[in-house]
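Shown next, in structure tokens, is the structure this report addresses.
We number each residue from 1, following the sequence as shown.
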Amino acid sequence: MKFTHAIVKEPSFKLLALCLVGIVATAPPPREVQILKYENVNSGRGSYKFGFGQSDGTRFEQEGALKNEGQEHESLSVRGQFSWVGPDGVTYTVTYVADEDGYQPEIEQGPGGALPSSILSSLAG
């Protein structure tokens, strides 16, 4: 059995290492984000509520309830909303319902948002 291996020349490896160090050195420092609010309630009877808020403006809230419990058309109905602050400084919010009719999002952007309404509509489906 014959094995072959590639020989890596030192200058190529050093150049790659130098490039990686340069990329890491120029990357912005990570922001420390703190959780300001956290809620997790589960009744154990088919309903729940969950949410959190962070110091960077990210929020998430969701509630779910079992519909027609114990019947043939039993289903889970979920309502929620999440938002974040984009790199452009604009707050984007998605409000949604997910139930027997599917996922139904509505997307909004705060003042100064750069996305045209036609794009927001296409994202919502």
Applying salt bridge (charged side-chain N to carboxylate O under 4.0 Å, His left out) as the test, list every pair that has at least one member in residues 69-81; sequence neighbours left out. none
Would a hydrophobic clustering, with Ile, Leu, Val, Met, Phe, Trp and Tyr connected at side-chain separations under 4.5 Å, put L66 with Y48? no
Which residue pairs pass the salt bridge (charged side-chain N to carboxylate O under 4.0 Å, His left out) test with at least one member in residues 33-43, sequence neighbours excluded? K37-E61
Do V97 and E106 come within less than 4.5 Å of each other through their side chains, counting heavy atoms only? no
Can you name the nearest heavy-atom pair linking S43 to G46, along with the distance? OG-N, 3.9 Å
For E63, the salt bridge (Lys or Arg N to Asp or Glu O under 4.0 Å) test, sequence neighbours excluded, returns none
Using side chain to side chain contact (heavy atoms under 4.5 Å, CB included) as the criterion, list what pairs up with Q34, not counting sequence neighbours. E32, S55
Do Y96 and L76 share a hydrophobic cluster, counting only Ile, Leu, Val, Met, Phe, Trp and Tyr and linking them when any side-chain heavy atoms are less than 4.5 Å apart? yes
On a heavy-atom basis, which atom in N42 and which in S47 lie closest, and how many Å separate them? OD1-O, 3.5 Å
Just to verify, what does K49 make a salt bridge (Lys or Arg N to Asp or Glu O under 4.0 Å) with, not counting sequence neighbours? none
Counterpart residues, side chain to side chain contact (heavy atoms under 4.5 Å, CB included), relative to N68 (two or more places apart): Q71, H73
Check the angle between the aromatic planes of Y38 and F50 and answer parallel, tilted or perpendicular using the 30° and 60° thresholds. perpendicular
Would you check if V78 and Y103 make a side-chain contact, meaning some heavy-atom pair closer than 4.5 Å? no
Here the pair of heavy atoms bringing V85 nearest to D56 is CG2-O, 3.8 Å
Any Q54 side-chain heavy atom under 4.5 Å of W84 side chain: no
Taking all heavy atoms of D88 and all of Y92, pick out the closest pair and write down the distance. OD2-OH, 2.6 Å
Hey, what do you get for CZ (R59) to OG (S83), rounding to the nearest 0.5 Å? 4.0 Å
